[in-house]
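These values consider heavy atoms only, across backbone and side chains, with no hydrogens, waters or symmetry-generated copies. Just so it is clear: chains get the letters A, B, ... in the order the sequence lines come, proteins before strands, and each one is counted from 1.
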2 protein chains.
Amino acid sequence: MFLLKDLPEDRYVERFSQKYGPIEPKRLNLFLTVLRSGSDLLVELDNFLERFGLTHGRWITLVLLMREPDVSARPATLAEKQGVRRATMTGLTQRLEMDGLVRRIPDDEDGRSVRICLTEAGADLLQAIMPEYYRRVGDMTAGIPDEQVEAATMAINELNGRADLLSAP
Amino acid sequence: MFLLKDLPEDRYVERFSQKYGPIEPKRLNLFLTVLRSGSDLLVELDNFLERFGLTHGRWITLVLLMREPDVSARPATLAEKQGVRRATMTGLTQRLEMDGLVRRIPDDEDGRSVRICLTEAGADLLQAIMPEYYRRVGDMTAGIPDEQVEAATMAINELNGRADLLSAP
DNA sequence: TCAAGGTAATTAGCCAGCTAATCAATATTC
DNA sequence: GAATATTGATTAGCTGGCTAATTACCTTGA
């Protein structure tokens, strides 16, 4: 969760810029805008999913399973795709199983592993969520002009592609 | 933290779209891109700040104090500006005080309250961080064309302005 | 062939948000 | 001016990520 309601005013950045070197307020502002909006939207997404008894982490796990041809996968694969640790996936799938949304069955190809299968109930829940989700995202994005959609996606991807520069040695 | 490495492929969204109604993959993609990049950038920001013994929450508190004319503020104000609960701010300022970066002195205008003051050490730490931070954000954003910076900021703000539609009743 | 190292899942415990409940001080209203 | 409501900070306990360590199983190469 990001944490800054009021982004710095340009004149504030200008002052710093004079002290420390050239920084364009508009670019700093874009960076902060992505941080804050990402955080805000995530909170809203969680609020939306809460009605269905899910968090976005639990939801994405179900979505990933749904994308599989046989609606099942191994924890390590899911963790990789979802961008969480395997330890985290252990907890996620355990709780999803308790809620009857997935089933965990021993993997006969690899004795260390397990197959996570989407249950009927899990699939039904997704069927209930997805149309509503798409509709809402559609509504949210409806006011953005087409060119801006393209430009914004490109800009953010460019930014994200260099994200490692932020913490590079 | 958002959690989805691979955004859905357009053809996948198309399939859903046919089932459930019109959803433009490019717009869904923008939404997901903001979520994911916000999350990724936040992780990188935390990695960067870790070297200085800070998290982004601790850092923003210091920044907010620095912005005040008298480099001090009350916890409730800081919490408000930072977008966290007051209970969270209690913990943040307590730990910042332990590290000698702020001082908490009783407020003589309001007996319930406290003034959080940036210490010399806190100010020094910020002075060490900010130039580096601006430089890195500058580098990260350098490759984005000017028009895209503008367009992206507008688009994201438009999206964020409607964020409440996601969880509206 | 079997010892050594690698990989899968798990457990235990950390962290920094959160909410709910509490206590103290201030403001408001009758 | 006493009763009530509000506001500020705090505490306790929840959550869902995380890392590190453990256990079980697989794979490889001398």
Report task. Whole angstrom is fine here: how far is it from CG in B/Asp108 over to C1' in D/dG8? Result -> 16 Å
**Report entry** d(NE2, B/His56; C1', D/dG17) in whole Å
**Finding:** 13 Å
Report task. Starting from P on D/dC25, measure out to CG on A/Asp107 and report it in whole angstrom. Result -> 13 Å
**Report entry** Side chains of B/Thr153 and A/Phe31 in contact at under 4.5 Å (non-hydrogen atoms)
**Finding:** no
Report task. Check the distance between D/dC18's C1' and B/Asp46's CG and give it to me in whole angstrom. Result -> 12 Å
**Report entry** Salt bridge present between B/Arg27 and A/Asp139 (N-O < 4.0 angstrom)
**Finding:** no
Query raised in the report: What integer distance in Å separates B/Met89:CE from C/dT19:P?
Result: 14 Å
Report task. May I have the distance from A/Leu42 (atom CG) to C/dG17 (atom P), rounded to whole angstrom? Result -> 15 Å
Report task. Output yes when B/Glu97 and B/Arg103 qualify as a salt bridge under the 4.0 Å nitrogen-oxygen rule, no when they do not. Result -> no
Query raised in the report: Just to confirm, is there a sub-4.0 Å distance from OP1 or OP2 of D/dG8 to any side-chain nitrogen or oxygen of B/Arg86?
Result: yes
Requested in this report: Side chain of B/Ala76 only, please: which of C/dC18, D/dA9, C/dA9 is the nearest?
Outcome: D/dA9
**Report entry** B/Tyr133 and B/Trp59 aromatic ring geometry - parallel, tilted or perpendicular at 30°/60° bounds
**Finding:** perpendicular
Query - Any A/Thr88 side-chain N or O less than 4.0 Å from OP1/OP2 of D/dG16 - result: no
Query raised in the report: What is the distance from CD of B/Glu50 to C1' of D/dC18, rounded to the nearest Å?
Result: 12 Å
Query raised in the report: Closer than 4.0 Å, any side-chain N/O of A/Arg58 to the OP1 or OP2 of D/dT15?
Result: no
Requested in this report: Have a look at B/Gly91 and say if it touches a base, only the backbone sugar-phosphate, or nothing, with a 4.0 Å heavy-atom cut-off.
Outcome: nothing
Query raised in the report: Rounded to the Å, how far apart are B/Ile116 CD1 and D/dG8 P?
Result: 14 Å
Report summary line: Quick note, A/Ala87 side chain, CB onward, closest among D/dG17, C/dT11, C/dG17 is C/dT11
**Report entry** Comparing B/Thr77 and A/Glu109 on DNA chain D - which has the more 5′ nearest nucleotide
**Finding:** B/Thr77
Query raised in the report: B/Asp110 has a side chain; which of C/dT10, C/dT26, D/dT19 sits nearest to it?
Result: C/dT26
Query raised in the report: What nucleic acid atoms does B/Gln94 come within less than 4.0 Å of, heavy atoms only: base, sugar-phosphate, or nothing?
Result: sugar-phosphate
Query - Partners passing salt bridge (Lys or Arg N to Asp or Glu O under 4.0 Å) against B/Asp99 (at least two apart in sequence or in another chain) - result: B/Arg58
Report task. Would you indicate which nucleotide in C/dA8, D/dA20, D/dT11 comes nearest to any side-chain atom of A/Ser113? Result -> C/dA8
Report task. Return the 5'-most residue of the pair B/Arg95, B/Arg85 with respect to DNA chain C, ranking by each residue's nearest nucleotide. Result -> B/Arg95
Query raised in the report: Is a donor-acceptor pair below 3.5 Å formed from side chain B/Arg112 to base C/dT26, judging by atom type as modelled?
Result: no
